[in-house]
**Q** 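Structure incoming, see below.
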Amino acid sequence: MKTVQYTEVKGWSTGYLAILGVLGAIIVVGLGAAYYMEHQGHWVTGMSNQVVWGMPHVFAIFLIVAASGALNVASIGTVFGKPMYKPLARLSGLLALALLAGGLAVLVLDLGRPDRLIVAMTKYNFRSIFAWNIFLYTGFMVIVAVYLWFMMEARMNRYYKTAGYAAFIWRLILTTGTGSIFGFLVARPGYDAAVMAPMFIVMSFSFGLAIFMLVLMASYKWLARPLGDAVLGRLKNLLGVFVAAALYFVAVQHLTNLYAAEHHAFEAFMLLDGGIYPLLFWGGFVVVGSILPMVLVWHPAFSASRTWLGVASALVILGGLTQIYVILIGGQAYPMEMLPGHEIISSAFFDGVVAGYSPSLPEFLLGMAGVGVALIMVVIGVKVLRFLPVTLADEAVDPHATAKA
Amino acid sequence: MSEFDEARQDPEDAKPDLARRRFFGTAAAAAAVATMVPGLSILPASARSPDEPVTEDQRWGMLVDVNKCADGCTACVDACHEENGVTHHGRPTTDPYWIRKVKLRDRMTGREYGMPLLCQHCEKPPCVDVCPTGASFRRADGIVLVDKHICIGCRYCMMACPYKARSFIHEVTTDQKPHAPRGKGTVESCTFCVHRVDAGGDQQPACAEACQAEGHEALVFGDLRDPESRLYRLLTEISSRQLREDLALNTGVRYHGI
């Protein structure tokens with residue numbers, strides 16, 4: 001295998017400036033939306049005292065989960081020693097950092113008091129998994145940054161494997177922490193399950209890889225750099241496996257919940273008669289976000305086409321957002337039982353009824369700004385530093401192709 | 001008791017404020033001199049001085065007798081919101097409730113009854129566990145509060161509370177009461193009228209007082225650790241239950257007749 005050469009994106013093409021402009025505009029609009037919501041108060045959003053976490057959290061959690069998943073490509077190269085993944089490691093690390101930054105930006109801007117970020121950074125309650133997450137997120141940023149530095153700086157190259165191992169272990173702990181935000185909530189029947197942590201880890205594998213593949217394919221197409229079928233073939237097969245694994249863990253989560261009779265009504269709500277939530281779960285996550293992408297990446301009629309591969313990745317992302325929406329909003333919409341054996345027949349505070357939630361435009365715009373932040377970091381990153389290999393053509397990355405030659 | 005609770009016992013330890021300490025020192029000395037003068041007293045005998053830490057010797061609680069809770073009566077809700085300046089804006093999904101009336105039906109017998117639902121002031125409050133900054137805290141005397149200065153408005157406590165006892169302040173607040181500061185973007189809930197409790201004497205939370213004034217006496221407030229208190233005696237004489245007792249939170253609010 002040849003030595004991999006990396007270069008920055010050269011020049012200032014109209015296309016590059018246009019991408020920067022569009023992403024910048026998305027971020028500015030999102031910041032405006034955040035300012036509006038913060039200034040007016042959250043009553044202008046769809047969130048309420050019943051559904052306290054809304055669309056911004058769907059985006060934030062999705063981006064944070066995907067961030068750790070995006071690092072997988074680098075880990076497969078460094079930790080599991082697969083040579084084909086090594087040239088992709090730098091982009092993988094950059095994308096992981098960028099997605100986490102985007103997710104955290106949304107999370108912070110949706111706080112009731114975003115101006116008190118310094119309080120969140122200086123006062124900790126170590127019994128809170130949220131407080132632990134603050135350390136996990138900042139630690140991830142530092143470790144991945146060091147990992148990237150060791151990969152990119154020749155003098156530090158000999159340490160990069162150690163950093164890669166640390167980053168891999170850290171990302172597993174990080175997603176365990178994200179899943180545990182729900183796992184530790186004993187009050188609500190939709191959460192309170194240890195399986196949330198591994199389920200989030202496996203979901204991160206598929207969401208993160210889907211985003212990585214789209215970014216990789218788009219960059220190489222727009223930069224007109226060679227991207228061979230060998231790399232994409234590996235990635236697409238891996239995506240299919242990850243999607244199937246995520247589906248399996250989601251099935252296990254529901255089965256675990258069904259084991260307890262007290263949760264049957266909740267499961268019926270989520271899977272059968274809960275209106276929008278079963279529809280989004282079966283239609284959005286299962287069919288559009290899981291089964292269709294698996295068909296697209298594995299069926300010979302589609303799997304050779306890069307367009308279909310792009311579609312498959314986009315569907316996994318769409319299905320992922322849907323799944324986070326179902327877990328987050330559905331879990332809050334379902335009423336909590338205060339007294340076993342009793343039903344609440346009236347309350348001024350919406351006890352005993354399914355809570356309504358319609359995401360407002362500002363919430364959506366803030367969420368999109370998080371996507372914008374993540375993508376603009378990648379776009380600027382590949383311009384100023386050497387993240388992207390000059391070529392990912394088969395003969396450059398595939399050891400078997402080299403052997404054959 | 002957790003380390004966290006211990007730290008909370010004396011807020012001065014956590015955040016030294018020397019000027020304030022000096023002030024209290026001077027005030028205490030002045031009070032000592034003043035009380036030595038016959039016929040002159042500046043502090044009521046039963047009051048705890050504000051700089052004196054609350055202790056575990058007391059645990060404030062409440063008994064709700066649902067048989068005495070009158071259908072259609074919202075005196076407790078009105079009194080609470082009046083006392084604490086909790087105002088509504090005609091937007092039911094985002095308007096705050098520190099206490100609310102709910103009507104329940106027994107699924108098997110069909111029996112219906114109403115009762116107030118408020119912060120249950122748990123011994124092991126899930127809201128305190130999950131709060132990242134420690135803004136949600138439990139005083140040594142059992143009252144669960146939100147420190148409005150360090151609440152960042154993340155709403156994780158609202159996700160964690162099994163009683164939906166907390167409200168997020170969704171809009172600008174006006175006409176605040178000095179003893180109950182409220183601020184847009186933070187979370188709030190029943191304080192057991194902590195300003196009244198700290199003032200000492202026989203003062204009860206506004207809800208219990210209003211219920212009594214209506215002649216219903218469905219709410220009895222008191223010290224769960226004081227064998228002389230009416231609350232303690234009632235709890236030893238009649239049966240009571242906790243809401244969501246399966247979670248083993250050892251709530252400070254108990255219900256009779258459910």
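So that the names make sense, note that chain A is the first sequence line, chain B the second, and so on, each numbered from 1.
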**Q** When you compare the side chain of B:P132 with that of A:S128, does any pair of heavy atoms fall below 4.5 Å?
**A**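 Yes. Closest side-chain heavy atoms under 4.5 Å.
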**Q** If you count heavy-atom pairs under 4.5 Å between each of B:R241, B:Q242, B:M159, B:E245 and chain A, which one has the most?
**A**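 Among the listed options, the one with the most contacts to chain A is B:M159.
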**Q** Out of B:P126, B:C131, B:P96, B:G183, which one racks up the most heavy-atom pairs below 4.5 Å with chain A?
**A** B:C131
**Q** Taking all atoms of both residues into account, what is the closest heavy-atom pair of A:M338 and B:L117, and its distance?
**A**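 A:M338 and B:L117 have their closest heavy atoms at SD-CD2, 3.9 Å.
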**Q** Can you tell me which portion of A:M37 sits under 4.5 Å from chain B's heavy atoms? Options are side chain, backbone, both or neither.
**A**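 For A:M37, neither part sits under 4.5 Å from chain B.
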**Q** Where is the tightest heavy-atom contact between A:Q50 and B:T93, given as atom of each residue plus distance?
**A**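 Scanning both residues, the minimum pair turns out to be OE1-O, 3.2 Å.
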**Q** Enumerate the residue pairs fulfilling salt bridge (charged side-chain N to carboxylate O under 4.0 Å, His left out) with a member in residues 248-258 of chain B, sequence neighbours excluded, ordered by first and then second residue.
**A** none
**Q** Does B:C151 offer a backbone N or O that forms a donor-acceptor pair with the side chain of A:R113 under 3.5 Å?
**A**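 Side chain of A:R113 to backbone of B:C151, a donor-acceptor pair under 3.5 Å: no, none is there.
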**Q** Would you find more than 12 non-hydrogen atoms of other residues, nucleotides or ligands less than 6.0 Å from A:W170 atom CH2?
**A**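 Above 12, so yes.
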**Q** I'd like to know if the side chain of B:K184 reaches the main chain of A:H42, judged simply by a donor and an acceptor atom lying under 3.5 Å from each other, with no hydrogens or angles considered.
**A**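 Side chain of B:K184 to backbone of A:H42: no pair is present.
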**Q** Quick check for you: among A:I181, A:V51, A:V186, A:N133, which has the greatest number of heavy-atom pairs under 4.5 Å with chain B?
**A** A:I181
**Q** Hey, is CZ on A:F364 packed in by over 12 heavy atoms from elsewhere, all under 6.0 Å?
**A**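 No.
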**Q** Quick one: closest heavy-atom pair of A:F350 and B:P92, and the distance?
**A**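 Distance-wise, the nearest heavy atoms are CE1-O, 3.4 Å.
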**Q** Name the region of B:R155, side chain, backbone, both or neither, that has any atom closer than 4.5 Å to a heavy atom of chain A.
**A**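 Both the backbone and the side chain of B:R155 come within 4.5 Å of chain A.
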**Q** Let me know if B:E112 has heavy atoms under 4.5 Å from chain A in its side chain, its backbone, both or neither.
**A**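 Just its side chain gets close to chain A.
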**Q** Please flag which part of B:L243 lies under 4.5 Å from any non-hydrogen atom of chain A: side chain, backbone, both or neither.
**A**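 Answer is both: backbone and side chain atoms of B:L243 are under 4.5 Å from chain A.
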**Q** Checking A:F126 against chain B: side chain, backbone, both or neither under 4.5 Å from a heavy atom?
**A** neither
**Q** Donor-acceptor pair, distance only, cut-off 3.5 Å: does the side chain of A:N125 make one with the backbone of B:V130?
**A** no
**Q** Just checking B:D71: does its CG atom have more than 12 heavy atoms from other residues, nucleotides or ligands closer to it than 6.0 angstrom?
**A** no
**Q** Does any N or O in the side chain of B:K164 come within less than 3.5 Å of the main-chain N or O of A:N49, such that one atom is a donor and the other an acceptor?
**A** no
**Q** So for A:H57, is it side chain, backbone, both, or neither that comes closer than 4.5 Å to the heavy atoms of chain B?
**A** side chain
**Q** Tell me the residues of residues 165-181 of chain B whose non-hydrogen atoms fall below 4.5 Å from those of chain A, in number order.
**A** B:R166, B:S167, B:F168, B:H170, B:E171
**Q** Under 4.5 Å, counting heavy-atom pairs only, tell me which of B:R91, B:M158, B:K101 racks up the most with chain A.
**A**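 The option with the most such pairs is B:R91.
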**Q** Examine whether an atom of A:E343 lies under 4.5 Å from a heavy atom of chain B, and if so say whether it belongs to the side chain, the backbone or both; otherwise answer neither.
**A** both
**Q** Pick whichever of B:V77, B:D129, B:D95 has the most heavy-atom pairs under 4.5 Å with chain A.
**A** B:D129
**Q** What option among A:I345, A:L185, A:L111, A:V119 has the most heavy-atom pairs under 4.5 Å with chain B?
**A**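 Maximum pair count with chain B is reached by A:I345.
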**Q** Would you mind checking which part of B:R100 comes under 4.5 Å of any heavy atom in chain A, side chain (CB onward), backbone (N, CA, C, O), both or neither?
**A**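 Only the side chain of B:R100 comes within 4.5 Å of chain A.
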**Q** Are A:W43 and B:H89 packed together at the side-chain level, in the sense that at least one heavy-atom pair is separated by less than 4.5 angstrom?
**A**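 Counting from C-beta outward, A:W43 and B:H89 never come under 4.5 Å.
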**Q** Nearest 0.5 Å please: distance from the CZ atom of A:R116 over to the OG1 atom of B:T133.
**A**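 If we round to the nearest 0.5 Å, A:R116:CZ and B:T133:OG1 are 9.0 Å apart.
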**Q** Taking every heavy-atom pair that is under 4.5 Å apart, which of B:V187, B:D246, B:L104 has the most such pairs with chain A?
**A**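 Result: the option with the highest number of such pairs is B:L104.
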**Q** Looking only at atom types and distance, does a side-chain atom of B:R244 sit under 3.5 Å from a main-chain N or O of A:A187, one as donor and one as acceptor?
**A**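 It does hold such a pair.
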**Q** I need the minimum non-hydrogen distance between A:A348 and B:Y97, along with the two atoms involved.
**A**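 Closest approach of A:A348 to B:Y97, heavy atoms only: CB-OH, 3.4 Å.
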